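Below is one structure, written out as structure tokens; the observations come after it.
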Number of protein chains: 2
Amino acid sequence: MGAIQMLQNDAMREHIISRFDEMSPQLQQAARYLLEHPREVALVSMRELSRNAGVQPSTMTRLAKFLGLSGYEDIRAHHAEAIRFRTDGFAARAMQHTSEGEQDVAGAQLSRRMLQGLAAQIAQLSEPASLDRLSAAAEQLAHARKIFVLGLRSCHSVAWQFHYVMTLLGDKTIHLDGPADTVGDGLIRAGAEDVLLVISINPYALHSLELAQLAREKGLGIVAITDSEVSPLVGIADQAILCSTESQSFFHTLTPALAISEVLCGLLANKDRTAALEALQRADRHLLSLNTYASAIPRRRI
Amino acid sequence: MGAIQMLQNDAMREHIISRFDEMSPQLQQAARYLLEHPREVALVSMRELSRNAGVQPSTMTRLAKFLGLSGYEDIRAHHAEAIRFRTDGFAARAMQHTSEGEQDVAGAQLSRRMLQGLAAQIAQLSEPASLDRLSAAAEQLAHARKIFVLGLRSCHSVAWQFHYVMTLLGDKTIHLDGPADTVGDGLIRAGAEDVLLVISINPYALHSLELAQLAREKGLGIVAITDSEVSPLVGIADQAILCSTESQSFFHTLTPALAISEVLCGLLANKDRTAALEALQRADRHLLSLNTYASAIPRRRI
DNA sequence: TATCATATAAAACAATCGTTGCATCGATCT
DNA sequence: AGATCGATGCAACGATTGTTTTATATGATA
């Protein structure tokens, strides 16, 4: 499990960061993993660590030498020491904050309340009841010919994420979106073998409901991600997955809904792991050939 | 140097204590050392541990079998897990029980692992270090004349959410997005009083980095939501907020990034609560007059 | 005291560890 | 194009790991 462990007053960490740019790609990949999983370094063997980081074992040794250390053992010893002597940081560090300005403290408290609330809401989704709904929804989506994805206004985030991830796996999804009031056009060729995944929360966008209703009339299966048992979508959906949207701020939160969407993607990919892997590799190659990604700030062209 | 720490309500710990009296002297000596140095168990090899405990290596194995475990590796794994999950408490508890089964059960387990991992990651964002970064970022965004929001590909979700919420508050944000390669056009009228909020995770979209670099050259402030201390964005951003992106599935997760974005929105709205409330009411009235929302499935028109 | 059962130490074992040398690959420069 | 150099994957190495087996020591019982 990934855990960015942000503050340890750590010389080695700084050292790795400062020399990161000079490293070769493989060394960078290893270094990045070290930075983002400092705990694992102390807890697992180098070989296992390198497996998880996606590099060769020797790369870890080479990284150590690159950093001027005698070997990997130095890296591990350092991280183990960091764990041993971490004063129970949380309470201590929270204390030092109380001396700062009022506004800042109020802000930090709001942040913390929001984040811990979100964590709790997502943890709640892992209860058996929602797990069952997730499985059932994934099942229906898996058997669909095409999946039409609809999320308007704030829910566009979730719809986009689902569609984007699924395009990496294939062309099963069609995102119902577009300018000039063409949102629903995708449904023209939709039929009974298809499924509509609709995301909508209170207040429910009228257009989403209309399109969901239309889809129902055309015989599509309907899977909904929504926020309540009494959401209008529950009535017309075959499967409804409920997410809480309450936040300690002015706005509703879509974070739990996004989590649900990501879990659905994970479940769908998991139905055929080898096919998923293959599709992802194909997508990788495609994007690579298009020069879509970079790992450093590029020199600007012209 | 030995210190009893870790107030873990630990099943293995209880077990060792409850059977302590039945143990032979050597087993007791080993067990006592385990109880008093739980951290060391996860950090050093069994042979070194037994050296420090003053017993033979085989005694550790025998202790494990005495406790009904298959071997010493179980003991180490358990203590490593305790260290991994020391921070988050509630996510740790549910993590324990796992029962194997069929495909559906496997799916449910994947779901649960993903959700609990996400919950833990978001809970970690509530540590003081990230709270500081959030406050600082919100501060810079608050003082900006305009906020340009940039998130491409998978990060579009987050960029959209931030922009959408902020449009409810006013017209301070400009979403850098669009078809026909017009993504960057919004920056034409950007200047030194403005700030760019850029969201990008590994693999980093080349275009995002280029635009961020351009913005930097035009004198804009830069706030980044990204995934690593060594992300290329960290170098050019004034503020970088780090989110973990690891998931127990094939794909990266954007849920923590979305949570960060929502917290930023919350902090910004919180700077002037009355103004925020007023703006939201105005937005409500506007959307009401446009008949954007509904609370029941409408009859389809025409 | 002789015998036996158990607890402990010592040694042997395969597996895995971190490391190193070598071959290969791809980029850069004559 | 050919040469050169660093980066990288691979395979083998000795060292060390956790475990198992064997031998020794211990202590109780008859």
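Just so it is clear: chains get the letters A, B, ... in the order the sequence lines come, proteins before strands, and each one is counted from 1. None of the values given here were measured: they were computed from a predicted structure.
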Under 4.0 Å protein heavy-atom contacts per nucleotide of nucleotides 5-20 of chain D, with B for base, S for backbone only and - for none: --SBBB-B----BBBB
B/S/- contact track for nucleotides 23-28 of chain C, protein heavy atom under 4.0 Å: ------
Face-on cation placement of B:R153 at A:Y164 ring, 6.0 Å and 45° thresholds: no
B:R216 atom CZ: more than 12 heavy-atom contacts under 6.0 Å: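 More than 12 within 6.0 Å, yes.
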A:E73 atom CD, over 12 foreign heavy atoms within 6.0 Å: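 Correct, the count exceeds 12.
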Ion pair [X]/[Y], N-O distance below 4.0 Å:
X: A:R84; Y: B:E40; result: yes
X: B:K65; Y: B:D74; result: no
X: A:E81; Y: B:R39; result: no
X: A:R32; Y: B:E229; result: no

Mutual orientation of the aromatic rings belonging to B:H156 and A:W160 [parallel < 30°, tilted 30-60°, perpendicular > 60°]: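 It falls in the perpendicular class, over 60°.
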Rounded distance in Å - CD1 (A:I75) to P (C:dC17): 17 Å
